[in-house]
Each structure stands twice: as C-alpha cells, then as structure tokens.
Amino acid sequence: MRTPLMAGNWKMFKSVRESVAMVTALRPKIDGVTGVDVLVAPTFLAVPAVAAALEGSGIHVAAQNCHWEREGAFTGEVSAAMIRDAGAGWVIVGHSERRTLFGETDLSVNRKLRAAITATLTPIVCIGETLDEREGGQTHDVLDRQIQRGLDGVTGAELAALVIAYEPVWAIGTGRTATPEQAQDAHAHIRGRLTQWFGSDAAARCRVLYGGSVKPDNVATLMAQPDVDGALIGGASLDVDSFTRIVKFRVA
Ligand code: 13P
C-alpha cells in the first residue's frame with residue numbers, strides 16, 4: 001500500500017550548476033527502477049533548474065523550507081506558492097536543523113505545513129528526539145507532542161497524502177544510525193498515534209521515513225522494518241553512486 005520513498009535532502013550543499021550535474025548523472029542510473037519513489041531537495045536557488053532537468057523523469061523535487069504566508073514583507077523568506085511556481089511539488093518542514101538553529105517551533109511547523117497543503121505542495125514533516133530526550137526516556141512523549149501540535153488541524157485525507165520523517169537528532173550527520181529495532185519502535189509508535197488521532201485508513205497510507213545517517217550499507221535492514229516506508233538522506237544523497245545504491249536498496 002505504501003510505495004517506499006527515497007528522499008535526498010541536500011541541505012546547504014551544491015551550487016545550481018552542481019545540482020543540475022548531479023541530477024543529470026542520477027537520472028539515467030535509476031531510470032527503470034520501479035516500486036520506489038525518488039525525490040531530491042536542492043537549495044531554493046537550484047529548484048527551477050533541477051525541476052527542468054528532471055522533467056519527465058518521475059523524480060520529484062522538494063524545497064527544504066517555506067514561509068507560511070503567501071507573500072508579504074518577510075525579507076529572506078520564500079512562500080509555498082513560490083516554490084510550487086518554481087517547479088517543485090514537495091517541501092520539507094520542521095527539519096531538526098531548522099528547529100535547533102533557526103528557532104522553529106511546533107507552531108511554525110504547523111503553519112508551514114498548512115501553507116504547503118494550501119499551495120498543493122506535499123509536505124515532508126520532520127520529527128525526532130534529541131539524545132538527552134532519548135536518554136531521559138522521553139522519546140515517545142516528544143514524538144506525541146510534535147505530531148499533535150505540528151499536525152494540528154490536518155484532516156485524515158491530508159494526513160494520508162503527506163509524509164512524516166522520523167529523524168532522531170542524535171543520528172543526523174553523526175554516522176550513528178538508529179538500530180533497525182529503534183527505528184521500528186519509533187515508527188510503530190508514530191503509526192499508532194496517527195491511527196488514534198487520524199483513523200486507521202489515513203494512518204495506514206501515510207508514509208513514515210527514517211532519517212539519520214542512512215547509507216547504502218544500512219538502508220536495506222532499515223527498510224526491512226514493517227513501519228519504515230523510506231528514508232530521508234543527507235550526506236549519502238550528495239553523491240550519485242551512493243544515492244543510486246540507496247534507491248536500489250532491493251538490489252544491493
Ligand atoms: P544524514 O543522512 O547526513 O545523517 O542527514 C540526515 C538528515 O538530516 C536528512 O534530512
């Protein structure tokens with residue numbers, strides 16, 4: 001029922017030229033791969049060129065953030081409608097780097113997510129606990145709060161179409177991946193809450209990605225977990241060969 005999604009979050013890496021070169025090389029390598037959705041999230045500046053380079057490929061393009069207003073006096077911000085107009089169909093909201101480095105809260109995540117839906121962008125909503133929170137036994141409580149507040153006002157139909165990315169903060173960029181058991185535990189908890197709050201049909205359709213040091217050699221064991229529906233990949237998505245191997249996780 002849930003097609004796996006492999007999403008590359010390029011963060012603040014790659015110029016426009018480098019972004020286009022990457023997708024131009026990636027496209028033929030994964031042409032013909034079936035049963036998996038693929039997405040790349042370049043910087044805002046590279047969205048139009050990457051979207052043009054990927055036209056007709058079936059590879060999706062996301063922005064990494066958006067503002068919640070359609071337009072206005074918000075220096076340095078980009079609206080969801082502008083992202084849609086630039087050629088992306090998706091947007092990442094609430095990444096932990098935005099929460100910890102740029103002051104995002106569950107409330108701003110909720111506003112952005114609603115703006116994305118209004119602009120017909122598919123949101124990828126990031127949640128996840130810090131190391132302190134995990135060691136304090138608060139993982140499930142943190143996830144509950146982030147889901148409850150972040151997804152406030154979202155309908156079951158909207159939930160079914162969006163994507164949640166579980167990214168334990170302690171696993172991001174650290175080389176320290178959650179074990180498949182830790183990932184499955186968190187994903188099953190998330191699915192349970194979604195079932196409780198949005199209904200079993202919506203919860204069964206909503207894809208929950210794992211993120212945090214996903215690499216070609218650990219993706220298959222993570223994907224073998226029943227509630228892991230794909231991955232949000234940082235570092236390993238920046239290289240054509242490693243991202244290709246992740247997309248082809250069934251073959252590897
Ligand atoms: P890494 O894969 O580099 O750990 O990054 C994960 C991430 O933050 C994806 O959004």
Side-chain angles (χ1 to χ4, degrees), residues 4-14 18-19 22 26 36-44 46-47 50 59-66 83 88 90-104 108-109 112-113 116 121-131 133-134 139 142-143 146 150 162-180 182-183 186-187 190 207-223 225 228-249 252:
L5 170 63
M6 293 303 172
N9 173 13
W10 292 354
K11 308 192 179 184
M12 199 172 75
F13 291 100
K14 295 191 187 293
E18 289 164 346
S19 300
M22 164 94 191
L26 177 69
V36 56
D37 291 340
V38 181
L39 174 150
V40 293
T43 68
F44 284 130
V47 163
V50 165
I59 301 172
H60 303 284
V61 181
Q64 299 172 16
N65 180 31
C66 67
I83 292 165
W90 300 58
V91 64
I92 298 170
V93 292
H95 191 279
S96 72
E97 287 149 16
R98 299 224 48 91
R99 292 179 190 255
T100 56
L101 302 173
F102 302 102
E104 290 211 9
S108 63
V109 170
K112 291 177 179 204
L113 154 64
L121 292 176
T122 302
I124 301 177
V125 187
C126 302
I127 59 174
E129 80 289 356
T130 63
L131 187 58
E133 289 164 343
R134 172 162 285 267
T139 297
V142 169
L143 297 176
Q146 291 174 332
L162 62 75
V163 174
I164 291 178
Y166 168 63
E167 298 206 306
V169 179
W170 48 271
I172 295 177
T174 58
R176 192 179 159 190
T177 320
T179 64
Q182 285 172 322
H187 283 230
I190 292 164
R207 286 183 284 192
V208 184
L209 313 183
Y210 169 79
S213 299
V214 173
K215 308 288 176 203
D217 56 5
N218 62 25
V219 64
T221 49
L222 289 160
M223 288 304 295
Q225 305 304 310
V228 177
D229 306 318
L232 185 56
I233 306 115
S237 75
L238 293 168
D239 174 76
V240 176
D241 288 331
S242 76
F243 192 50
T244 299
R245 285 173 62 202
I246 289 172
V247 169
K248 295 183 175 174
F249 69 95

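Counting begins at 1 with the first residue of the sequence. What you see below is based on every heavy atom in this structure, not just the backbone, and it leaves out hydrogens, waters and symmetry mates. Note that ligands are numbered from 1 as they come in the structure, with each ligand's atoms numbered from 1 the same way.
Scored by the side chain to side chain contact (heavy atoms under 4.5 Å, CB included) test, Asp217 finds Lys215 as partners (sequence neighbours excluded). For the side chain to side chain donor-acceptor pair (under 3.5 Å) test, residues two or more places apart in sequence or in another chain that qualify with Glu129 are Arg134, Tyr166, Trp170.
Using a 4.0 angstrom heavy-atom cutoff, Gly175 does not count as in contact with ligand 1.
The backbone N or O of Gly234 sits nowhere less than 3.5 Å from a side-chain atom of Asn9 that would complete a donor-acceptor pair. Of the possible polar contacts, one joining the Arg99 side chain to the Cys126 backbone as a donor-acceptor pair under 3.5 Å is found. A donor-acceptor pair under 3.5 Å is absent between the side-chain atoms of Thr130 and the main chain of Val169, judged by distance alone.
Residue-to-ligand polar distances place Gly234 within reach of ligand 1: an N/O pair is separated by less than 3.5 Å. Considering backbone and side-chain N/O of Gly173, one or more are found under 3.5 Å from N/O of ligand 1. Checking only distances, Lys11 does come within under 3.5 Å of ligand 1, N or O to N or O. Among the atoms of Gly211, none of the N or O lies under 3.5 angstrom from an N or O of ligand 1.
In terms of protein heavy-atom proximity, atom 7 (C) of ligand 1 is closest to Glu167 OE2, 3.1 Å. Of the protein's heavy atoms, Gly235 N, 2.9 Å lies nearest to atom 3 (O) of ligand 1.
Listed by number with element, the atoms of ligand 1 under 4.0 angstrom from any heavy atom of Gly212 are 4 (O), 6 (C). Near Ser213, meaning under 4.0 Å from any of its heavy atoms, are these atoms of ligand 1: 1 (P), 2 (O), 4 (O). The atoms of ligand 1 that sit less than 4.0 Å from any heavy atom of Ala171 are 4 (O). Residue-ligand proximity, Asn9 to ligand 1, at heavy-atom distances under 4.0 Å covers atoms 9 (C), 10 (O).
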Evaluate the criterion side-chain hydrogen bond (donor to acceptor under 3.5 Å, both in side chains) for residue pair His95 and Gln64; output intermediate values, then yes/no. CA-CA 8 Å; His95 191 279; Gln64 299 172 16; over 6 Å; no
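Looking at heavy atoms from C-beta onward, Ile172 lies in side-chain contact with Ser96 at the 4.5 angstrom threshold.
Nearest heavy-atom pair across Gly8 and Phe243 is N-CZ, 3.8 Å.
Of all the listed residues (His95, Arg176, Glu97, Lys215), His95 holds the heavy atom that lies closest to atom 10 (O) of ligand 1.
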